[in-house]
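Structure first, then comments.
All residue numbers refer to positions in the sequence shown, counting from 1.
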Amino acid sequence: MGEGDPRGELIALELRRPERWPLLERWLASHLKIEPGGDHLHVASADDLTWLDEPIGEFCRGVSLLARIEDAQRVVAAIAKRPRPWLTKIKLQPGFGTLVLDEAFAAAVPNLVEFEAIGAFDLRRFHHPTLRRLIRSVNSLEGGETLELPMELPAVTDCALRLDPWKKKWRADRITLVGLPALRTLDLSASDPDGWGNRNGFIRLDVFEWVRYLPTLSRLRSLVLPAVRSKAAAKHVAAIAEDHPALAIHVAQTYSRYTFALPARVTVAAAWPFPPNDESSDPWQYEVVAPGTSFLVLRGTLESATKREFDSRDDAFRAMWRELYVALDVCDAKKKVAVAFGVLRRAIAAWRPGDPLERSEDIRATVVAVARTVTDDQVVTIRVAPKRR
């Protein structure tokens, strides 16, 4: 109903008459395919268990839960006791703590085809026979240990791992994915591409080095990788391409810096506008001179804020930023580059409101204020700001 589909209103009317439920169930079974992303009736927050008692709960196809570990355990236990054969998609984020899924929960959702697990999960007893798409997200220190726990999901063909875990000592050889014998597509594009770093004695998992030596890599047909931003990552990708010539490899993130070092058969998303050899933060600040005013723009804020948006936006958004970054790369402290103010305004206005990145809101507010007196077709100049003494 929220999407304007008249079938939603029909379902709501039919649910008022229990004698019509068998007909409704047969209709749903014949018209709604069980496939990844195919959920039609969706519970946005499962921590309120009243949906299990409502008529709509009998036919709910999707559940999303972000809750404390105690509430997540309560929901999982409730579903295990009250099977929901219509559930095809589940997304769980249990907060701090490890959520254990077992045979009882798997049996309660026999038609599950897509499962997204955010945080720490113990799936050693979650033997689900029909699950086809698995999404696991592990950030910071949460869930790193559970990545090394084995799992047995024989029908999973598509796995997306969004990894940014830290540990004091990694046993990357234990993250084998051997429990996914039917796996054909591995998507790492949302993982953090940087494997270096030491934070208070904790080390980030290097996804490129890990996937290079993944024992199940030979069974894959498709591998999707995050940004290649270091020479070491480029070497790992080149080695994967050489060792697995039949594997389709795609670099999904557009702000890769080392695409020039990748084999020709590795496909790469449209390039991030910076040249490949640009790794330093110098120049780190620019001065924009507009009619009647001037203001400073930090390169780091421009770069960081745009990276988060670049891959998910359309070609028009990326074209604006490429035009702007061409100007940034050409100018220097003495040479000013002229651009239409509208390019700068539209590019920065395209950031999502509430972007928490440092000073991005300040830059947006400044550009909006300048737009009150400067039109899009007026020319502004950009130059590298003189360094502080």
Check: [Y] and [X] side chains under 4.5 Å, non-hydrogen atoms:
X    : Y    : answer
Y213 : D173 : no
V384 : K334 : no
I79  : V75  : yes
R162 : E116 : yes
V367 : F295 : yes

>> Distance check, rounded to the nearest 0.5 Å: I135 atom CD1 versus E114 atom CD?
In response: 4.5 Å
> Roughly how far, to the nearest 0.5 Å, is CG of L262 from CD1 of I249?
Replying inline: 9.0 Å
> Considering residues at least two apart in sequence or located in another chain, which fulfil the side chain to side chain donor-acceptor pair (under 3.5 Å) criterion with E242?
Replying inline: none
>> For H127, give me all partners under side chain to side chain donor-acceptor pair (under 3.5 Å), at least two apart in sequence or on another chain.
In response: none
>> Side-chain heavy atoms nearer than 4.5 Å, only ILVMFWY residues, links allowed to pass through others: does that put L225 and L161 together?
In response: yes
> When clusters are formed by joining ILVMFWY residues with side-chain heavy atoms under 4.5 Å apart, either directly or through shared neighbours, do V237 and L247 land in the same one?
Replying inline: yes
> Which residues satisfy the salt bridge (charged side-chain N to carboxylate O under 4.0 Å, His left out) test with R383, sequence neighbours excluded?
Replying inline: E287
>> Restricting to salt bridge (charged side-chain N to carboxylate O under 4.0 Å, His left out), what partner residues turn up for R221, sequence neighbours left out?
In response: none
>> For F126, give me all partners under ring-ring contact (aromatic ring centres under 6.0 Å, His included), at least two apart in sequence or on another chain.
In response: F115, H128
> Between K235 and F208, does a side chain to side chain contact (heavy atoms under 4.5 Å, CB included) hold up when you go through it step by step?
Replying inline: CA-CA 9 Å; K235 289 182 179 179; F208 289 99; over 6 Å; no
> Yes or no on side chain to side chain contact (heavy atoms under 4.5 Å, CB included) for R124 and V100, after CA distance, side-chain angles and deciding distance?
Replying inline: CA-CA 8 Å; R124 286 176 293 181; V100 179; over 6 Å; no
> With sequence neighbours left out, which residue pairs that include part of residues 91-100 fulfil the side chain to side chain donor-acceptor pair (under 3.5 Å) condition?
Replying inline: none
>> Between T157 and T185, does the side chain to side chain contact (heavy atoms under 4.5 Å, CB included) criterion hold? Intermediate values first, please.
In response: CA-CA 6 Å; T157 59; T185 298; over 6 Å; no
> Any idea which heavy atoms bring G62 and L87 closest together, and the distance?
Replying inline: N-CD2, 3.8 Å
> Hey, are D332 and K335 close enough for a salt bridge, meaning a charged N less than 4.0 Å from a carboxylate O?
Replying inline: no
>> Walk me through whether L217 and L220 qualify under side chain to side chain contact (heavy atoms under 4.5 Å, CB included).
In response: CA-CA 5 Å; L217 196 61; L220 297 182; 3.5 Å; yes
